[in-house]
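Working notes for the structure below.
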Amino acid sequence: MSRPLDTPENAPLVSEWLLGTSAVLAYHLGKTDTARMIADVSSAEVRLWNTEYGHEGYRIVLVMEPSLYPTYTERELENIAEVMRDVMWGSSKSVDELVARPSIPRLGPDWRGQVKTADSPKPSNQGRKVQLEPGHPVEDQLRFTNEWELDVYRVLRSGSILCRTTRRSGSCRSEV
């Protein structure tokens, strides 16, 4: 029997390989909706499930954003499993079971307050959306991933960098 796909050192690589190869194959087979759904998956947890009679059957758990989870119906999961079976067919490995689950959010110190205010009026800018993760820099009611992203915003807001593009080249030159 060959080396199992679920060894800890291989997990991230196998996840990306299986998702990427499956999405590209689905696209080439004309299954664009299936390809897009695979591309929306954050990661795949691949676990050896069945080893009877020299068979390597895997249970694959697709992890996606909680808001996308309801769209992964039984029919959609079967379409994804069919493509993944095609990808794994030549390696004498198979997909025995494919399920989906939402990604589990990280808790911030003020999670109760965030949940209570999460039902406030819907924002029109994702940067203003209530985030249920630990604190990130906020300025002008915009949420930034980190302090360096905030620094870029401050420089751009101050107007000290102007970008002018030319129609011919489409390139940008900075003026300070």
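Numbers here simply count residues along the sequence, with the first being 1. In this text the structure is predicted, and so the values were computed from the model without any measurement.
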Minimum-distance pair of heavy atoms, taken over all atoms of [X] and [Y]:
X	Y	answer
Glu65	Ser103	CA-OG, 3.9 Å
Gly57	Asp96	CA-OD2, 3.3 Å
Ala100	Met64	CB-CE, 3.7 Å
Arg101	Tyr69	CA-CE1, 3.6 Å
Leu62	Ala44	CD2-CB, 4.2 Å
Glu16	Ser42	OE2-O, 4.3 Å

Min side-chain heavy-atom separation [X]-[Y] under 4.5 Å:
X	Y	value
Glu76	Asn79	yes
Glu149	Val152	no
Leu150	Leu142	no
Met88	Val46	no
Val95	Val87	no
Arg36	Thr32	yes
Asp140	Arg157	yes

Starting from [Y], can I reach [X] by hopping between I/L/V/M/F/W/Y residues whose side chains sit under 4.5 Å apart?
X	Y	answer
Met37	Tyr27	no
Leu29	Trp89	no
Val24	Val83	no
Leu18	Val61	no
Leu68	Val99	no

Next on the checklist: Tell me whether Arg85 is salt-bridged to Glu78, with the criterion being a basic N under 4.0 Å from an acidic carboxylate O.
Outcome noted: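 Salt bridge present between Arg85 and Glu78.
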
Find the distance between [atom1] ([X]) and [atom2] ([Y]) and round it off to the nearest 0.5 Å.
X	Y	atom1	atom2	value
Ser158	Tyr153	OG	OH	10.5 Å
Leu19	Met84	CG	CE	5.0 Å
Leu156	Asp151	CG	CG	11.0 Å

Checklist entry - Is a side-chain N or O of Tyr72 found less than 3.5 angstrom from the main chain of Pro102, in a donor-acceptor match? => result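 Pair absent, no side-chain N/O of Tyr72 close to backbone of Pro102.
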
Checklist entry - Hey, is the main chain of Trp148 close enough, under 3.5 Å, to the side chain of Asn146 for a donor-acceptor pair? => result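 Looks like yes, one N/O pair under 3.5 Å.
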
